[in-house]
There are 2 protein chains.
Amino acid sequence: MKQDLPERSAPARSANSRPGTGEKYERLLAGAAELMARRGFSETTMRDVARQTGFSLAGMYYYFHSKEDLLYQIQQRTFSTLLEQQQQAATGPGTARERLGRLIRSHLAFYVRHAHELKVCTYELESLTGEKYHAVERIRRDYFALAAQIVGQVMEEHGGRPASEKAVRHATLFLFGMLNWVFMWYRPRRDGSVDELADEMTAFALTGLVGSAP
Amino acid sequence: MKQDLPERSAPARSANSRPGTGEKYERLLAGAAELMARRGFSETTMRDVARQTGFSLAGMYYYFHSKEDLLYQIQQRTFSTLLEQQQQAATGPGTARERLGRLIRSHLAFYVRHAHELKVCTYELESLTGEKYHAVERIRRDYFALAAQIVGQVMEEHGGRPASEKAVRHATLFLFGMLNWVFMWYRPRRDGSVDELADEMTAFALTGLVGSAP
DNA sequence: TACCCTGTCGAACGTTCGTTCGAAACCAAC
DNA sequence: GTTGGTTTCGAACGAACGTTCGACAGGGTA
């Protein structure tokens, strides 16, 4: 009785199972995220995850349906939480510049607390297929729209009139480029706290190299 | 004049083989780079590369020793060419701001001409091991130093005194974040020419959101 | 013709992968 | 102690992977 649903993650075993919560389930996701962040999705084997989390190879499959499902759970949970947090940080009071500063700071703070998971979200979207891919991409698009809105407001606040859609889009992509590249180099001991880093990045985004004082 | 690197990729066949040049060899590297850029290194199988380039599976191994060697050849060749080009573009005459503009424009122009190869260079360093990893990392470090030097000059030119090493380092990493993220979204039809994009990015890097006019 | 070097390839080898299956262990409720 | 659902796992399966091997065609040279 295999599933014949086109996409879906499918029921698999009867109708019970897979609480979606629980201490062991969390440990599984966290362990998998750590390995996938370090080595990449396809370089991470289920045997690695089993060793890391203390489960047996077969035992893990009680909690999810497939390796891709495991990746999906990590991305969906992490990105949803981040988006929710950012919607609060970005829609609060203050000028557009202040909201942009909060967005950057809050993103980096989230990164510090969930580095592995966020790295997986950022770099492993393309390891998902079908509906899982589109579901995560939808969240990502929402997050981009949220940031683009603020960037547009900053540009309008300063320029006196709305900036072109393309200019806003590109500036937002520059911002995400900076944010997403942080995974590749940030080490607290060498680079200072994320609060400091957030200030530097905000200054760079607002006034660039020749506008920021050291 | 071939390498006798420590790490060695093993002699494999006698002492001949692997010209390192030749039309077929180029076709092999280009085809492999295209697949690896699109799907990633470990998702790209040797059978895929064979199909893409018209070789047989075994036939390809006349030209290199292993899959990792193939990846290394792509990265080493591409990055060396880029670095050489950028050393010229960045050490020419003009103010530091002008040199930064040339660096950005030249990097993006190279991206347009060698998109697949550069994407592989940017995202598949960690698929290399041992001496191959370190060899490519050395080129990457040189490229970073080149950019950091110009960024530092821009900051000094404006601030009147040298900026802190950390500030220069972080600003350079912000710049590379923007540049390297371009792979993820740039489409000429929608986003305009790379010359336009280079101008936008240079303006953003120099004066930020509130300094650039739309 | 005989020889050898350069390219090429079908077929296979050994390994590792994600996943499955049946059985066993656990445990609260009777 | 028996039951029945929940959770765990050793062992195996089939597929796919990178790589190798022996063979062989082509063509330049003696």
Side-chain angles (χ1 to χ4, degrees), chain A residues 1-3 8-29 31-32 35-36 39-74 124 127-130 132, chain B residues 2 8-29 31-32 35-36 39-74 124 127-130 132:
Chain A
M1 71 140 278
K2 233 28 196 125
Q3 71 285 11
R8 298 290 315 160
S9 29
R13 69 201 74 248
S14 61
N16 58 1
S17 89
R18 228 194 2 167
T21 54
E23 187 197 334
K24 294 190 176 182
Y25 185 67
E26 303 296 332
R27 183 158 51 94
L28 219 33
L29 258 56
L35 292 175
M36 290 176 183
R39 305 205 273 255
F41 175 70
S42 58
E43 288 80 5
T44 301
T45 72
M46 298 302 274
R47 286 164 178 83
D48 290 335
V49 178
R51 200 174 312 117
Q52 168 95 5
T53 57
F55 281 82
S56 71
L57 179 59
M60 296 187 300
Y61 280 84
Y62 179 77
Y63 291 97
F64 43 79
H65 302 297
S66 66
K67 190 187 177 188
E68 185 183 355
D69 188 43
L70 176 57
L71 176 63
Y72 173 70
Q73 295 295 330
I74 294 171
E124 298 294 353
S127 297
L128 295 174
T129 63
K132 293 191 179 69
Chain B
K2 236 359 192 164
R8 294 293 314 171
S9 29
R13 67 204 77 246
S14 62
N16 57 1
S17 91
R18 230 186 1 156
T21 53
E23 188 196 334
K24 293 190 175 182
Y25 185 66
E26 302 296 333
R27 183 158 50 94
L28 219 32
L29 258 56
L35 292 176
M36 289 176 184
R39 304 205 275 254
F41 175 70
S42 58
E43 287 80 5
T44 301
T45 73
M46 297 303 275
R47 286 163 178 83
D48 290 336
V49 177
R51 200 175 310 117
Q52 169 95 4
T53 56
F55 282 82
S56 71
L57 179 57
M60 297 186 299
Y61 279 84
Y62 178 75
Y63 291 97
F64 42 78
H65 301 296
S66 66
K67 189 186 178 190
E68 185 184 355
D69 188 42
L70 176 57
L71 176 64
Y72 172 69
Q73 294 296 331
I74 294 170
E124 298 292 353
S127 296
L128 296 174
T129 63
K132 294 193 178 70

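Being a predicted model, the structure only gives us computed values, none of them experimental. Letters go in sequence order (proteins before strands), and every chain restarts at 1. The figures here come from the full heavy-atom set of this structure, side chains too, leaving out hydrogens, waters and symmetry mates.
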Starting at [atom1] of [X] and ending at [atom2] of [N], how long is that distance when rounded to a whole Å?
X: B/Tyr62; N: D/dC21; atom1: OH; atom2: P; value: 17 Å
X: B/Met60; N: D/dG18; atom1: CE; atom2: P; value: 9 Å
X: A/Phe41; N: C/dC17; atom1: CZ; atom2: P; value: 13 Å
X: B/Met46; N: D/dT20; atom1: CE; atom2: P; value: 10 Å
X: B/Arg47; N: C/dG10; atom1: CZ; atom2: C1'; value: 12 Å
X: A/Leu28; N: D/dT7; atom1: CG; atom2: P; value: 13 Å
X: A/Glu23; N: D/dT7; atom1: CD; atom2: C1'; value: 15 Å
X: A/Arg51; N: D/dC9; atom1: CZ; atom2: P; value: 14 Å

With rounding to the nearest 0.5 angstrom, report the [atom1] to [atom2] distance, [X] to [Y].
X: A/Lys67; Y: A/Ser42; atom1: NZ; atom2: OG; answer: 6.0 Å
X: A/Leu70; Y: A/Met46; atom1: CG; atom2: CE; answer: 5.5 Å
X: B/Ser56; Y: B/Arg47; atom1: OG; atom2: CZ; answer: 11.5 Å
X: A/Leu29; Y: A/Phe64; atom1: CG; atom2: CZ; answer: 8.0 Å
X: A/Glu124; Y: A/Met36; atom1: CD; atom2: CE; answer: 8.0 Å

Exercise: do B/Asp69 and B/Ser66 side chains pair donor with acceptor under 3.5 Å: no
Measuring from the side chain of [X] (C-beta onward, heavy atoms only), which nucleotide among [options] has the closest atom?
X: A/Ala58; options: C/dT19, D/dG10, C/dG7; answer: D/dG10
X: B/Tyr61; options: C/dT19, D/dG10, D/dT19; answer: D/dT19
X: B/Leu57; options: C/dC17, C/dA12, C/dT8; answer: C/dA12
X: B/Ser56; options: D/dT19, C/dC17, C/dG10; answer: C/dG10
X: B/Phe55; options: D/dT7, D/dC17, C/dC9; answer: C/dC9

Between B/Tyr63 and C/dG7, is there a side-chain N or O to OP1/OP2 distance below 4.0 Å? no
Would you say B/Lys67 reaches D/dC17's phosphate, i.e. side-chain N/O to OP1/OP2 under 4.0 Å? no
When we call it a touch if two heavy atoms are under 4.0 Å apart, what does A/Ser42 touch: a base, just sugar-phosphate, or nothing? nothing
Parallel, tilted or perpendicular: which fits the ring planes of B/Tyr25 and B/Tyr63, with parallel below 30° and perpendicular above 60°? tilted
Per-helix bend value, the helix from C/dT1-D/dA30 to C/dC30-D/dG1, C1' rotation axes over five pairs per end, 10° rounding, shows 20°
